[in-house]
Number of protein chains: 2
Amino acid sequence: MVLTQMTTATSKKQGKIRAKSEEKILNAAQEEFIIQGYKGASVQSIADRAQLPKANVLYYFKNKENIYHAVLQLTLDMWDKGIGDIKLEDGPKKAIEKIIAAKVEMAFKNPNASKIYALEIIQGAQHLKEFARTYQRQWVREKAKIFNHWIENGEMADVNPVNLIFLIWSTTQHYADFETQILTIMNRADYEEEDIAQVTYFLTDIILRGCKLKA
Amino acid sequence: MVLTQMTTATSKKQGKIRAKSEEKILNAAQEEFIIQGYKGASVQSIADRAQLPKANVLYYFKNKENIYHAVLQLTLDMWDKGIGDIKLEDGPKKAIEKIIAAKVEMAFKNPNASKIYALEIIQGAQHLKEFARTYQRQWVREKAKIFNHWIENGEMADVNPVNLIFLIWSTTQHYADFETQILTIMNRADYEEEDIAQVTYFLTDIILRGCKLKA
DNA sequence: AAAAATCTTGACTATTTGGTTGGTTTATAT
DNA sequence: ATATAAACCAACCAAATAGTCAAGATTTTT
């Protein structure tokens, strides 16, 4: 399933100039919205970061709200794409490994998407339409059902599947959202490639064991 | 150890009128800052929520930045107070139980503090002074050392203690920060008292087992 | 009860900012 | 080559908003 509500801005396939400008604007906007917040990010600051005059930005996107919606849409698409899907035939061990690996990868490779998403939710999901807000309910229900099957079958520990999903989401996303804090605590300037493997290993190890899927 | 940089606003013990007004303002401001962000929260909107004229708000707090700093300070104090401390003599099991219980309690009882904190960190900790930014490094180092002792002693699984602390922080805080999403997914209007116990049980159970501290 | 300190508030100001306009330049199609 | 459409952009405007001020009201101190 894919989120399909495209904005006018990103839907119509136009010339490559448009595509390129829109991308520059969207990237700039994403950063500004994270750092300054929705209200704090001025169209001028987005334009500056994108190296375009303000009027040009508003030529491609009718108004600020539209820019934000486009950014949000990209974020949701990414979330949707990056979430590891699981199937009954995977069995619990492989399923958990898959979800964790996918989520950690996404957190490290695209922290900004994660941050935009987190900001939006923390602030009350004001800009998310009903559809996007409730979309995950179905996803969680489906996956929970699969986990329950494994639990009833004695293939894993009897833990609440919904909480388990939250646990995996929160721990993985944490490395993106709280990047600033984590780097400060570890006294480092940036994440490195190895961190992905290290974190994936740590989480997989402890969670699998927590689910009685590992000695 | 306590964060001790008090703002002018909260430090000087003044009359009860001042105390009462400041509290009303700070509560209103906390909500506005969460919902609207720093820039988006207008002094007028804070005043409205606090049921005071704007000029009165600015009489108690010189400017908006000051209001925000006071809110942030309260948040940090709470974080500091609410974090379960652990000691070597507790042993790993009790220590983890204590931290989880303290953090879950804080997340459910004071979600707004958690949200303000999360917003600040995600946005790059722009308003946190160096001291506050690096404060937790020491905390984490200390606790990691204790965990390492237990690990070397064979009292628990060989998991990375720093990652373990992040895991506990993220999972517990998640219930506060992503309240909106969690309630939507669970199709509920509000958290209830039992949720605290349920979540505490779930997390303690799975994490203890993940650390080989439970069958 | 008078004086001093604290508190309250409407009115005003300077600045920032989202968005518009209209004219110019550049790219594309015929 | 010429016409048409797309892209560019300086200058402008109206609304929102942080912060000031000065005068009056209330509380506290002496």
Side-chain angles (χ1 to χ4, degrees), chain A residues 7-72 119 123 126-127, chain B residues 7-72 119 123 126-127:
Chain A
T7 61
T8 45
T10 50
S11 62
K12 303 168 191 160
K13 55 195 70 157
Q14 315 260 162
K16 43 179 57 174
I17 295 175
R18 180 171 207 102
K20 196 146 194 184
S21 289
E22 284 182 357
E23 202 198 316
K24 279 208 292 185
I25 293 165
L26 256 16
N27 281 333
Q30 191 186 47
E31 307 236 302
E32 284 298 317
F33 283 134
I34 290 170
I35 300 170
Q36 307 293 341
Y38 176 75
K39 197 68 184 298
S42 70
V43 177
Q44 185 64 62
S45 70
I46 293 169
D48 289 348
R49 192 183 280 264
Q51 302 196 67
L52 288 165
K54 185 180 73 156
N56 204 348
V57 170
L58 288 165
Y59 164 74
Y60 286 110
F61 296 88
K62 256 170 281 302
N63 52 42
K64 191 162 115 172
E65 177 102 11
N66 261 277
I67 304 176
Y68 184 71
H69 273 124
V71 169
L72 209 51
L119 289 173
Q123 301 201 318
Q126 295 173 78
H127 300 265
Chain B
T7 62
T8 45
T10 50
S11 61
K12 303 170 191 158
K13 57 195 71 160
Q14 317 258 163
K16 43 180 56 173
I17 293 176
R18 180 170 208 103
K20 196 145 193 184
S21 289
E22 283 181 358
E23 202 198 317
K24 278 207 293 184
I25 293 166
L26 256 16
N27 280 334
Q30 190 186 47
E31 307 236 302
E32 284 298 316
F33 283 133
I34 290 171
I35 299 171
Q36 307 293 343
Y38 176 74
K39 197 68 185 295
S42 69
V43 177
Q44 185 64 64
S45 71
I46 293 170
D48 288 349
R49 193 182 279 266
Q51 302 195 69
L52 289 165
K54 185 182 67 157
N56 203 348
V57 169
L58 289 164
Y59 164 73
Y60 285 110
F61 296 88
K62 256 168 278 306
N63 52 41
K64 192 164 115 172
E65 178 101 12
N66 262 278
I67 303 176
Y68 184 71
H69 274 124
V71 169
L72 210 50
L119 289 172
Q123 300 201 315
Q126 295 175 75
H127 299 266

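The model shown is predicted, which means the values in this text are computed figures rather than measured ones. Letters go in sequence order (proteins before strands), and every chain restarts at 1.
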Taking [atom1] from [X] and [atom2] from [N], how many angstroms apart are they, rounded to a whole number?
X	N	atom1	atom2	answer
B:Y59	D:dT27	OH	C1'	11 Å
B:Y38	C:dT16	OH	P	14 Å
A:N63	C:dT21	CG	P	14 Å
A:N66	C:dT20	CG	P	11 Å
A:Q51	D:dC9	CD	C1'	16 Å
B:E32	D:dA18	CD	P	11 Å

Does a side-chain N or O of [X] approach OP1 or OP2 of [N] to a distance below 4.0 Å, or not?
X	N	answer
A:S21	D:dC8	yes
B:N56	C:dT9	yes
A:R18	D:dA6	no
B:Y60	C:dT8	yes

Other residues, nucleotides, ligands: >12 heavy atoms within 6.0 Å of B:E23 CD =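 Counting neighbours around CD of B:E23, 12 or fewer heavy atoms of other residues, nucleotides or ligands fall under 6.0 Å, so no.
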Can you give me the N/O atom pairs linking the protein to nucleotides 13-17 of chain D at distances under 3.5 Å, or say none if there are none?
from   : atom 1 : to    : atom 2 : distance (Å)
D:dT17 : OP1    : A:K39 : NZ     : 3.3

Note, B:Q123 side chain near B:Y38 side chain (heavy atom, < 4.5 Å) |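 A side-chain contact under 4.5 Å is absent here.
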Partner of A:F61 by side chain to side chain contact (heavy atoms under 4.5 Å, CB included), out of A:V43, A:I46, A:I25 |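 Of all the options given, the one that passes is A:I25.
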Looking only at side-chain atoms of A:A55, point me to the closest of C:dT8, D:dG19, C:dT20.
->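 The closest nucleotide is C:dT20.
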With no hydrogens and no angle check, do the side chains of B:N27 and B:E31 hold a donor and an acceptor under 3.5 Å apart?
->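 On atom types as modelled, these side chains do not qualify, holding no pair under 3.5 Å.
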Per-nucleotide protein contact string for nucleotides 25-30 of chain C (B base, S sugar-phosphate only, - none; heavy atom under 4.0 Å) | ------
Would you indicate what A:A47 reaches in the nucleic acid, counting non-hydrogen atoms under 4.0 angstrom: base, sugar-phosphate, or nothing?
->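 It contacts nothing in the nucleic acid.
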